[in-house]
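Contents: one structure, followed by commentary.
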2 protein chains.
Amino acid sequence: MVSRAESAAATRRALLDAAAELLDEGGPDAVTLREVGARAGVSRGAPYGHFADKETLLGAVAAEGWERLSDEIAALDGTPSDRLRGALAALVTIGRRHPHRYRQMFAPPAGDEPGSMIRASCRTQEEFLAIVSELVDEQDLHRYGGLLFTGVSGIIAAELSGHFATGTWRTSADELVDTLATIIADGRLHT
Amino acid sequence: MVSRAESAAATRRALLDAAAELLDEGGPDAVTLREVGARAGVSRGAPYGHFADKETLLGAVAAEGWERLSDEIAALDGTPSDRLRGALAALVTIGRRHPHRYRQMFAPPAGDEPGSMIRASCRTQEEFLAIVSELVDEQDLHRYGGLLFTGVSGIIAAELSGHFATGTWRTSADELVDTLATIIADGRLHT
DNA sequence: TCAGTGGGTTGACGTTGTCAGGTGAAACCT
DNA sequence: AGGTTTCACCTGACAACGTCAACCCACTGA
């Protein structure tokens, strides 16, 4: 019924899901290979057949996070301005719903299989640039596109660190994201 | 010669320095309490006399990072625009020179003594707002101040993750920081 | 002088990442 | 078909780690 390759693929899938689940629950330190194996229904040493080490497994989880984000952005429709705000909202949402996974996505890719995480994040960048290119001049594309994406990621990171809840800024992440999007999407900038 | 209190303070200082050194060298996982003790000239259990656990020790290192950044920003002089760029440059510099410590400063403060890290980062925010307040209207102060600070932190985080070197953005962190600073410092925004 | 305090050490325990060797069933070959 | 190879997986083992309890001892205050 199930070939050996299918069985192995299913195990790999289960390992990734278990790792993502544990990451969401308690951060990278809560992802123990023993528990990953247990939740995937295999033994503690099984992950080593699919991933070089724990670092690589977490990198694969992060890569899948980028992949999913890319798909979400690609599926957006509406006006360019709508899609821009939708893309930023997708980034905000993943940060709030899966803070640890989000942090992993922005972690330096140590032990990254063959650069799979970087490749996945590049696809997200491309989907994002496709939207921004409809809103700004070509000469400003990468500058404003990069600014929007990295800027919003920093705003979310600050929120996750508690720098808004307990900090001095009398504002919110949502307001900042909106401000940034408005500045660029509505062309309120005069060069 | 040396009182007990002085000796204890010196040990605490040595522990913090050793932890910061190890953090810079190899990230949080490279900070082992055994090695921290060894470099500080004490035993592996000594840190527990000064910090609740490893998490708290790392939090204290992060808090000192914020303190030092606050001092740097407070010591700036020149025009408001100069000081703004100087403050942003200080953030960029610490990110590049001490990437792991930088990341720790933006990590969620788990096991934070009595919120010492948050308190330290608030001081940085205040020093920063003092500069921004000379450049924008009061009603925009927190919005633009927060946007600058968190935005730049995100740009640096993206650079540290390799999202510029290997990514799609045909731009650099420096250019983005400059763009963001220019937008706000030079009032190129029309509301 | 003498008990008390507290910084520091050491032994010990459970947990973790990781690897070497073994096992059994699927895949391949003739 | 039968024998052989392959490979995903399991298990035992090991070193390193965070953490705690018990202990030691120099300094402190009266």
Side-chain angles (χ1 to χ4, degrees), chain A residues 1-23 25-62 100 104 107-113, chain B residues 1-23 25-62 100 104 107-113:
Chain A
M1 189 61 186
V2 286
S3 72
R4 182 153 60 175
E6 284 171 326
S7 165
T11 299
R12 181 189 162 90
R13 183 69 266 138
L15 288 171
L16 281 169
D17 289 342
E21 196 177 303
L22 285 165
L23 181 62
E25 288 175 12
D29 289 343
V31 181
T32 73
L33 293 187
R34 284 162 160 84
E35 183 65 18
V36 167
R39 295 205 184 184
V42 291
S43 77
R44 65 180 190 260
Y48 287 93
H50 299 270
F51 307 96
D53 54 13
K54 177 180 170 177
E55 205 78 39
T56 306
L57 172 58
L58 286 174
V61 171
H100 290 116
Q104 196 68 40
D112 192 16
E113 287 274 27
Chain B
M1 191 63 184
V2 287
S3 73
R4 182 151 60 175
E6 283 171 323
S7 164
T11 299
R12 182 189 162 89
R13 182 70 268 136
L15 288 170
L16 281 169
D17 290 343
E21 197 177 302
L22 285 165
L23 181 62
E25 288 174 13
D29 289 344
V31 181
T32 73
L33 293 187
R34 285 163 159 85
E35 184 64 20
V36 167
R39 294 205 184 185
V42 291
S43 76
R44 65 179 193 264
Y48 287 93
H50 299 270
F51 307 96
D53 54 12
K54 177 180 171 178
E55 205 79 39
T56 306
L57 172 58
L58 286 174
V61 171
H100 289 115
Q104 197 68 41
D112 192 17
E113 286 274 29

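Per chain, numbering begins at 1; letters A, B, ... match sequence-line order. Computed from heavy atoms alone, side chains included, the values below leave out hydrogens, waters and symmetry copies.
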So what does A/Thr32 hit on the nucleic acid, given a heavy-atom distance under 4.0 Å: a base, only sugar-phosphate, or nothing?
-> sugar-phosphate
Ignoring the backbone of A/Leu33, work out which of D/dC10, C/dT18, D/dT19 is nearest its side chain.
-> C/dT18
In whole Å, what is the span from the NZ atom of B/Lys54 to the P atom of D/dT19?
-> 8 Å
Is there a side chain to side chain contact (heavy atoms under 4.5 Å, CB included) between A/Lys54 and A/Leu58 once you walk through the steps?
-> CA-CA 6 Å; A/Lys54 177 180 170 177; A/Leu58 286 174; 4.2 Å; yes
Reckon B/Ala8 touches a base, only the sugar-phosphate, or nothing at all at heavy-atom distances under 4.0 Å?
-> sugar-phosphate
Give the rounded distance in Å between these two atoms: CZ of B/Arg34 and C1' of C/dG8.
-> 16 Å
Which pair of non-hydrogen atoms, one from A/Ala19 and one from A/Val31, has the smallest distance, and what is that distance?
-> O-CG2, 3.9 Å
Which of D/dC9, D/dG18, C/dT18 is nearest the side chain of A/Ser7? It is D/dC9
A/Asp29 atom CG is separated from D/dG18 atom P, nearest whole Å, by 10 Å
Rounded to whole angstroms, how far apart are CG on B/Leu15 and P on D/dG18?
-> 13 Å
Do the non-hydrogen side-chain atoms of B/Leu33 and B/Leu57 ever get within less than 4.5 Å of each other?
-> yes
Could you tell me whether A/Val31 contacts a base, only the sugar-phosphate backbone, or nothing, with contacts defined as non-hydrogen atoms closer than 4.0 Å?
-> sugar-phosphate
Whole-Å distance separating the CG atom of B/Leu22 from the C1' atom of D/dC17 | 14 Å
B/Glu35 side chain to B/Thr32 backbone, donor-acceptor under 3.5 Å | no
Starting at OH of B/Tyr48 and ending at P of C/dT9, how long is that distance when rounded to a whole Å?
-> 14 Å
To the side chain of B/Ser3, which of C/dT18, C/dT9, D/dT28 is closest?
-> D/dT28
A/Thr11 side chain near D/dC9 phosphate (N/O to OP1/OP2, under 4.0 Å) | yes
Rounded to whole Å, the CZ-C1' distance (A/Arg44 to C/dG21) equals 13 Å
With the side chain counted from C-beta on, respond yes when B/Val61 and B/Phe51 share a heavy-atom pair under 4.5 Å apart, and no when they do not.
-> no
From CZ of B/Phe51 across to P of D/dC20 the rounded distance in Å is 16 Å
Looking for any heavy atom pair under 4.0 Å, which part of the strands does B/Gly49 touch: base, sugar-phosphate only, or nothing?
-> nothing
